[in-house]
Amino acid sequence: MTAPTTLQVFRTSTRLGDVTLEPVVPARDAELVQGWLAHPSAAYWQMSALSVDEVREYLAAVQGGPHEDAWLGRLDGEPVFLTETYDPAHVLLTGVHDALPGDLGMHLLVAPPETPRHGLTDAVMTAVMRFCLSDGGPHGAGRGATRVVVEPDVGNRKIAAKNAAAGFRVLREVDLGRGAHAKRAALSVATRADFAASALGEGPVLASHLTPGHMEHAHRHLAAKALAELAHERLFEPELDAPADPGAPARYRLALDGVTYRFTARRHALEHWVIDPASVRRTGAAGLRGEVDLPVDALELIAELQPLLQVPDALLATYLEELSSTLASAAAKRERELDGTTPSVRGLLDAMRTASGTRDVAEAFQQVEAAMSEGHPSFVANNGRIGFSLDDYRTYAPERGQRVRMLWLAARREHTHLALAADRTEAGHYGAELSDAERTAFAERVAARGHDPADYLYLPVHPWQWDHRVAITFAADVARGDLVPLGPGSDEYQPQQSIRTMFNRTRPERHYVKVALAIQNMGFLRGLSPAYMRVTPAINDWVADLVAADETLRANGFGVLREVASAGYTGDVYHRTPQPNPHRKMLAALWRESPVPRLAPGERLVTMASLLHRDAGGTAFATTLARESGLPPEQWLQAYLDAYLYPLVHCLLAHELAFMPHGENLILVLRDGVVVRALMKDIGEEVAMLGHRPLPERVERIRAVVDDEEKALAIFTDVFDGVLRHLAGILAGDGVLGEDRFWALVAATIDRHAAEHPDLRTGIDLRAARFAHSCLNRLQLRNTLQMVDLANQSESLIYAGTIDNPVRRTGARLRA
């Protein structure tokens, strides 16, 4: 909040005339306001007994405070109302309201008219809301809030109705004040979108997130990330512009053709850059005038970097479209965080802590899942979702947290496989996933089409997949009866961050369903191959048996969530073309075990991606967990490394087995904010046997023999570079744990594994001085339609030389 000045005047037009708001002048306005407060209509202000001098002192205190202001409102020049604005993080609602950046508290007192004037309070409320929510303009500066907060007495029915007309939503009732000034208040909020769509607003905004403010934040965040990650991948090297003061970030510059970027950043191990988005400045030459500031625009940044990035000309527009979608989703996430729809880190942790039963635990787990705002921590264009409309985004994007029902198809058995884990049967599988009523209804619907239900298997599809793929791309298959649409199932599911995977909200203990959504996203058509799915349960059985039989992994608590069933349809014409094509990955599904039944009392679930999450207020999930766990930071981190890094190192060194252990592929089990064990998922498509150890014939597909140096990349690239460098930057930046101690604990974890397994002989050296620097964004920039050949991933990778290992035997090599 800034103290008002006499120059600040806000003007707006209403149905009753022109309204202005100006700072209150206590010496001038006290007598006027005292008369308003003394009127019976102002009883809820609880200030009717104040004298003029006392009102003057009150207004002076408001105006003199750093977090609140008072404003006098006039209608056509006549004083008719008083409004107060305040920062709810510091005034009145401290400890009661989970304030977010952009929140603005508001009080309103309308003068009692000598002659009642119809529509006066509507006009006043309209003007005040515009004043609170406006960023400014030709009529004067508004307060620029993203959300207005009010706390009227629950007994004040008139103001409750007026608030509702302005779009306010009651969050809950709270107790405020003390003694004679105590009240039971209806804590309420209204966002810009709420007000715009209200009876007093200008009408609904069809894309309320696409505002200059939200988009500027998205551009800055994405530009900072692009500069950081592309510099990390050595596509360019920013120059030091000004050295840092001790403990402060340094200033850097990147000169491009006609444009220069300047920003502050901290550099960490693994050439990790942490750039402050607010510091990014883009300038261009302006002849004799020198440099002029230009808007920070992530799309323009990529265009300006194109000579260095060398995205194929035919694919540049596709990459920019994925980047545009990423910007749009970032703006939408920002809006939902600021208006309180998406919980803050504090809200997420409170829900976890207070969860009292299986459903509460599952609810808290899914709140965390939907709150993730970053997408992939390394990829710049990570929310492409090309093909989603705005309505599709609102319904199906993971961060929206909506519940959807899967649509079911009957797929002709002769063209469809159903592969099952060794401990499952077809009858048992469908009996668990579909109720008796559903199975009966489905069979009757198949029979009504003139087919024998025994000739069909059941296959779930995503609603978007039905609309955009099955009913169009597979229209012929539906028409001839090889695919029979059956309608929605009864269970509701919530999309996970991996977008194709759905968590059962109706029965959380039941299986996830992963569907072949078949949407273009982050360098791939996100589908499922029936050919791959055919052996997925067998692969999962083998991996699960290995993990269960290994004494170290068993003692560690490490587990896998098996994919116990898969189905895939191959009766379409696309499976008869000479060359493989993306259309062959549009009709398949798998079922994966839920982590919920594995919990002991007091345990909670979070996606590991949450450890890299910051909310709109800048609060980091990992930082808050560590600080509130009650453990020293080193002990908290060690518990996480024991659950995550230690078993992955063991799988690699003892079994030559590598997973894809990024944030969304791990479910962490917490107790009192401390990681106690980890559950790996997404096994069938992403596990790899890197050596020559025996495999069952059906599992042979996962073999990908590489030399020892490349085997080590399963830890170096996927764990150190893909996860731990980001976490180290967060903990160091928040002052939780210096990165020298962070990487020392990582090294100690690797050494402890070696000490506890002295008989293990391997040529894999995880303490080597350097390792090959594998670059993810370079893959997407090379081919945004298919980053790698899934049948030969090793040969598809792109390296940028080698990079210092932060756990090299000579000690971590660090930079300030």
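FYI, the numbering just counts along the sequence from 1.
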Between [X] (side chain) and [Y] (backbone), is there a donor-acceptor pair under 3.5 Å?
X	Y	value
His219	Ala298	yes
Ser629	Ala626	yes
Thr94	Ala89	yes
Ser198	Gly201	yes
Asp103	Ala99	no
Ser279	Asp276	yes
Arg282	Arg262	no
Gln497	Ala370	no
Gln63	Val24	yes
Gln366	Glu363	no

Side-chain donor-acceptor pair present, [X], [Y], cut-off under 3.5 Å:
X	Y	result
Asn163	Ser188	no
Asn383	Thr326	no
Asp339	Thr341	yes
Asp293	Thr283	no
His217	Arg334	yes
Thr191	Asp194	yes
Arg403	Gln494	no

Exercise for review: Walk me through it: do Asp69 and Arg143 pass the test salt bridge (charged side-chain N to carboxylate O under 4.0 Å, His left out)?
Suggested key: CA-CA 11 Å; Asp69 300 302; Arg143 304 305 284 163; 2.8 Å; yes
Taking atom [atom1] as the centre, does [X] end up with more than 12 heavy-atom neighbours from other residues, nucleotides or ligands that are less than 6.0 angstrom away?
X	atom1	value
Glu173	CD	yes
Arg172	CZ	yes
Asp350	CG	yes

Could you check whether any side-chain heavy atom of [X] comes within less than 4.5 Å of a side-chain heavy atom of [Y], counting everything from C-beta outward?
X	Y	result
Leu72	Leu21	no
Trp45	Leu109	yes
Arg627	Val736	yes
Thr395	Arg400	no

Check your understanding: Does anything in residues 151-166 pair up under salt bridge (Lys or Arg N to Asp or Glu O under 4.0 Å), and if so which pairs, sequence neighbours excluded?
Key ->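 Counting only pairs at least two positions apart or across chains, the salt bridge (Lys or Arg N to Asp or Glu O under 4.0 Å) contacts touching residues 151-166 are Asp122-Lys162, Glu151-Lys183.
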Point to revise | Any pair counted as salt bridge (Lys or Arg N to Asp or Glu O under 4.0 Å), so long as it reaches residues 611-624, sequence neighbours left out | key: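 Sorted pair list: Arg614-Asp734.
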Any idea which heavy atoms bring [X] and [Y] closest together, and the distance?
X	Y	result
His97	Pro88	CD2-CB, 4.0 Å
Pro343	Ala371	O-CB, 4.5 Å
Ser13	Arg130	O-NH1, 2.6 Å
Val189	Val149	CG1-CG2, 4.1 Å
Ala42	Leu37	CB-O, 3.7 Å
Ala207	Leu390	CB-CD2, 4.2 Å

Practice item. Would you sort out whether Lys333 and Glu337 count as a salt bridge (charged side-chain N to carboxylate O under 4.0 Å, His left out), showing the intermediate values? Key: CA-CA 6 Å; Lys333 293 171 188 175; Glu337 282 194 286; over 6 Å; no
Exercise for review: Please lay out, stage by stage, how Glu291 and Arg281 fare under the test salt bridge (charged side-chain N to carboxylate O under 4.0 Å, His left out).
Suggested key: CA-CA 11 Å; Glu291 290 185 323; Arg281 183 186 174 205; 5.1 Å; no
Looking at [X] versus [Y], is the centre-to-centre ring distance below 6.0 Å?
X	Y	result
Phe81	Trp71	no
Trp273	Tyr252	yes
Tyr393	Phe388	no

Report the distance from atom [atom1] of [X] to atom [atom2] of [Y], rounding to the nearest 0.5 Å.
X	Y	atom1	atom2	answer
Asp241	Tyr261	CG	OH	15.5 Å
Phe365	Leu348	CZ	CG	12.5 Å
Leu176	Leu187	CG	CG	8.0 Å
Glu68	Tyr86	CD	OH	9.5 Å

N-O pairing of [X] and [Y] below 4.0 Å:
X	Y	value
Glu31	Arg56	no
Glu216	Arg220	yes
Arg11	Asp18	no
Glu335	Arg192	no

**Study point:** Residues which pass ring pair (Phe, Tyr, Trp, His ring centres under 6.0 Å) with His726, listed by chain and number, not counting sequence neighbours
**Key:**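 Scan of His726 (ring pair (Phe, Tyr, Trp, His ring centres under 6.0 Å), adjacent residues dropped) gives His272.
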**Study point:** Steps toward side chain to side chain donor-acceptor pair (under 3.5 Å) verdict (Glu84, His107)
**Key:** CA-CA 5 Å; Glu84 296 175 350; His107 298 140; 3.1 Å; yes
Practice item. Decide yes or no on side-chain contact (heavy atoms from CB on, under 4.5 Å) for Met352 and Val606, but give the supporting numbers first. Key: CA-CA 9 Å; Met352 289 170 55; Val606 294; 3.8 Å; yes
Check your understanding: After noting the C-alpha distance and the side-chain angles of Glu399 and Arg385, does the key distance pass the salt bridge (charged side-chain N to carboxylate O under 4.0 Å, His left out) rule?
Key -> CA-CA 13 Å; Glu399 60 268 24; Arg385 302 162 182 173; 2.9 Å; yes
Exercise for review: Quick one: do Leu75 and Arg117 satisfy side-chain contact (heavy atoms from CB on, under 4.5 Å)? Show the steps, please.
Suggested key: CA-CA 12 Å; Leu75 175 61; Arg117 192 170 180 183; 3.3 Å; yes
Review point. side-chain contact (heavy atoms from CB on, under 4.5 Å) between Val19 and Phe131: does it pass, once the steps are laid out?
Key: CA-CA 10 Å; Val19 173; Phe131 171 65; over 6 Å; no
Practice item. Starting from the C-alpha separation in whole Å, work towards a yes-or-no answer on side-chain contact (heavy atoms from CB on, under 4.5 Å) for Leu625 and Leu611. Key: CA-CA 9 Å; Leu625 271 184; Leu611 297 189; 4.1 Å; yes
